[in-house]
Participant: 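Before anything else, here's the structure in question.
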Amino acid sequence: MTLAKTLRKNPMAIGEEIIASLEENPIVENVELARPGFINFFVDKSVFFTVISEILSQKEKFGDGTIGEDRRVNIEFVSANPTGSLHVGHARGAAAGDTMARIMKKAGFEVTKEFYVNDGGKQIENLAKSVEARYKQLFGIDAAIPEDGYHGREIRAIAQAMKEAHGDRFLKEDGLDTFREEGVKRLLEGLKEDLFAFGVEFDVFFSEKSLYEEGEVEKTLEFLQNEGHTYKHEGALFLKTTAFGDEKDRVVVKSDGHYTYLLPDIAYHKNKLSRGFDLLIDILGGDHHGYIPRLKAGIRMVGGEDDTLEVDILQMVKVLQDGKEIKMSKRSGKAITLRDLIDAVGSDAVRYFFAKHSLNTHMDLDLDLAIKQSNDNPVYYAQYAHARIMSVFRKAQEEQYDIEFVNDEFTHLDHEKVYDLLDALSEYPALIEDAAKTRNFHKVTNYIHDLAQKLHTLYSAFPFLVDKKRARNERLSLLEAVRIVLKDALRLIGVDAPEKM
RNA sequence: GUUCCGGUAGCUCAGUAGGAUAGAGCAACAGCCUCCUAAGCUGUAGGUCGUGGGUUCGAUUCCCUCCCGGAACGCCA
């Protein structure tokens with residue numbers, strides 16, 4: 001059909017010619033032409049069974065790929081300011097970044113997961129002042145949270161801890177340094193704990209402050225000036241980002257002498273480059289999309305290529321409760337947190353939910369529905385498939401069957417639903433490659449559902465623990481292969497594969 | 001006004017190197033447990049793939065118009 005245009009011929013006619021010119025192949029039993037021009041190959045079914053032995057010998061390495069070619073990739077995600085708890089948007093980013101990292105690792109990339117800690121900017125000052133206000137309030141002093149301050153309950157907790165550790169000392173002297181330091185430390189610990197409970201662990205927490213302390217921001221500024229990428233205008237220093245595709249030049253040093261956030265960001269990405277990464281992936285919220293051209297331009301200026309930085313944009317999650325939208329705002333402290341979600345429906349259900357949706361889906365999360373339906377959540381469908389397989393093996397042990405996995409020809413598995421399952425198993429390596437290459441991690445989740453569905457169908461139609469030993473071992477071999485792949489795929493999206501449910 | 005996303009079943013979403021009858025979960029309806037876990041299975045119903053054009057043998061998919069929703073357009077981060 002693809003050739004129809006160039007050959008100016010009817011697809012059916014071309015198909016006939018192709019079929020006529022095919023050579024004999026022992027695997028192919030029959031070839032048919034179908035309207036409007038498809039060629040269907042009917043393959044000797046014994047071929048499909050070889051995947052079982054493959055999986056049983058490779059175990060969880062089945063599907064490991066080489067398309068990464070050991071390229072070193074840095075994936076930066078979450079990077080939430082340590083000024084409060086992680087909210088739903090961060091949760092989506094955390095699930096996405098972690099899943100992407102796991103899939104890319106499986107496909108042969110060397111992946112570093114990184115969290116950029118904004119511990120150097122103005123928000124941190126506001127954090128310190130917010131703690132100070134809460135601290136004073138604990139002594140009955142009427143102190144107001146600053147305008148851009150933070151109202152979350154975790155700020156109160158820090159203030160309380162400060163009171164317990166230092167008494168009223170900071171009523172007499174300035175406590176901002178302590179509040180800042182302790183605030184960042186404690187909030188960051190909280191973020192790590194929540195992420196850990198969500199199955200997300202980072203390789204590197206990179207401090208913005210350290211960039212200043214190591215002089216990397218200044219060095220980057222000097223470098224950009226020396227390379228002629230800057231100019232002065234109305235008292236400010238501009239970066240010629242238009243030279244690399246941005247729509248206008250951007251200020252890096254304000255007329256009051258302060259740096260804009262762009263400068264440390266460029267310094268940070270320069271630092272990543274200096275650590276030898278071939279590819280930098282940033283997962284950012286949808287509200288940052290306008291920032292991409294200038295960041296890319298900056299990276300070009302410090303030695304990166306056009307495709308060195310890949311920015312994957314995460315669309316916002318709209319959270320509904322009582323039919324109304326809840327606005328995400330860390331300042332107000334009203335946001336639904338990752339911790340709230342985990343407590344309500346469990347980490348597995350939340351991870352499955354986020355892993356199911358493509359990054360650029362604008363998601364609606366109805367909390368009432370999510371909690372109410374937690375027992376009907378699709379994650380249990382997949383987990384149940386794994387638990388069911390395990391229960392068959394438990395039963396086999398109870399019956400004291402000696403289980404020997406089959407390594408040669410399968411002659412007792414000729415069932416339509418078995419072929420469906422074999423077909424799905426065979427797809428796994430290609431799926432990993434595709435998901436890793438396109439970063440479409442949600443395809444893995446769809447695959448999991450598909451595999452689980454085929455397993456459930458077969459389970460209902462086909463007894464595994466039959467009397468005849470050979471047949472039984474063939475069936476158990478198939479089950480074990482499904483179990484291995486299912487567990488591995490669940491691992492990729494950060495979901496547990498339970499033995500019992 | 002410009003840029004980036006999205007608009008597919010009642011709801012939440014899959015489905016792009018253009019292909020056969022557009023799928024899943026939830027919700028609805030009808031069945032299935034003396035048998036390895038019914039958190040399951042089988043079946044039914046539900047669609048002008050936002051609109052209007054174009055390219056093509058063929059368009060949910062590619063191009064253009066318009067409509068609706070979200071986001072961004074700062075010497076804020």
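Computed over heavy atoms, backbone and side chain alike; hydrogens, waters and symmetry mates excluded. By convention in this document, chain letters (A, B, ...) are assigned in the order of the sequence lines, proteins followed by strands, and residues within each chain are numbered from 1. Values in this document were obtained by computation on a predicted structure and should not be read as measured data.
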Participant: Syn or anti for B:C26, with syn set at within 90° of 0?
Facilitator: anti

Participant: Looking only at the side chain of A:Ser460 (C-beta and beyond, no hydrogens), which of the listed nucleotides B:A72, B:G70, B:G40 gets closest?
Facilitator: B:G40

Participant: How is A:Ser255 classified with respect to the nucleic acid when contacts are heavy atoms under 4.0 Å: base, sugar-phosphate, or nothing?
Facilitator: base

Participant: For the side chain of A:Ser391, starting at C-beta, report the closest nucleotide among B:C36, B:C41, B:C13.
Facilitator: B:C36

Participant: Counting only Watson-Crick pairs (N1-N3 plus N6-O4 or O6-N4) and G-U wobbles (N1-O2, O6-N3), all under 3.5 Å, who is the partner of B:A28?
Facilitator: B:U44

Participant: Under 6.0 Å from the ring centre and within 45 degrees of the ring axis: does the NZ or CZ of A:Arg472 meet both conditions for the six-membered ring of A:Phe464?
Facilitator: no

Participant: Considering only side-chain heavy atoms of A:Asp364, which listed nucleotide, B:C75, B:G40, B:C13, is closest?
Facilitator: B:C13

Participant: Return no unless some side-chain N or O of A:Thr457 is found under 4.0 Å from OP1 or OP2 of B:U42.
Facilitator: yes

Participant: Distance between the P atoms of B:G70 and B:A24, in whole angstroms?
Facilitator: 31 Å

Participant: Starting at the 5' end of RNA chain B, which residue's closest nucleotide do you reach first, A:Met1 or A:Tyr459?
Facilitator: A:Met1

Participant: Please determine if a side-chain N or O atom of A:Tyr381 lies less than 4.0 Å away from the OP1 or OP2 oxygen of B:C41.
Facilitator: yes

Participant: Base, sugar-phosphate alone, or nothing: which one does A:Lys248 contact when heavy atoms must sit under 4.0 Å apart?
Facilitator: sugar-phosphate

Participant: Using the ring of A:Tyr116 (Phe, Tyr or Trp, six-membered ring only), decide whether A:Lys272 places NZ or CZ under 6.0 Å from its centre and within 45 degrees of its axis.
Facilitator: no

Participant: With the stacking rule set at 5.5 Å and 30°, tell me whether A:His288 counts as stacking on B:A77.
Facilitator: yes

Participant: Ignoring backbone atoms, test whether A:Asn375 places a side-chain nitrogen or oxygen under 4.0 Å from the OP1 or OP2 oxygen of B:A39.
Facilitator: no

Participant: Reckon A:Ala385 touches a base, only the sugar-phosphate, or nothing at all at heavy-atom distances under 4.0 Å?
Facilitator: nothing

Participant: Under 4.0 Å, counting only non-hydrogen atoms across every strand here, what does A:Asn40 touch: a base, just sugar-phosphate, or nothing?
Facilitator: base

Participant: On the nucleotide B:C36, are OP1 or OP2 found under 4.0 Å from the side-chain N or O atoms that A:Arg475 carries?
Facilitator: no

Participant: Would you say A:Lys254 reaches B:A77's phosphate, i.e. side-chain N/O to OP1/OP2 under 4.0 Å?
Facilitator: yes

Participant: Nearest to the A:Phe238 side chain among B:A71, B:C75, B:C36, which nucleotide is it?
Facilitator: B:C75

Participant: May I ask you to say what A:Lys500 touches in the nucleic acid, namely base, sugar-phosphate or nothing, with a heavy-atom cut-off under 4.0 Å?
Facilitator: base

Participant: Strictly below 4.0 Å, N to O, side chains only: are A:Glu154 and A:Arg186 in salt-bridge contact?
Facilitator: no

Participant: Whether A:His449 contacts B:G23 is assessed here as follows: a side-chain N or O lying under 4.0 Å from the phosphate OP1 or OP2. Is that the case?
Facilitator: no

Participant: Would you say the side chains of A:Tyr261 and A:Glu208 form a donor-acceptor pair under 3.5 Å?
Facilitator: no

Participant: When you match A:Leu365 and A:Gly235 each to their closest nucleotide on RNA chain B, which lands nearer the 5' end?
Facilitator: A:Leu365

Participant: Could you walk me through whether A:Asp119 and A:Lys185 pass the salt bridge (charged side-chain N to carboxylate O under 4.0 Å, His left out) test, one step at a time?
Facilitator: CA-CA 10 Å; A:Asp119 53 3; A:Lys185 195 178 128 198; over 6 Å; no

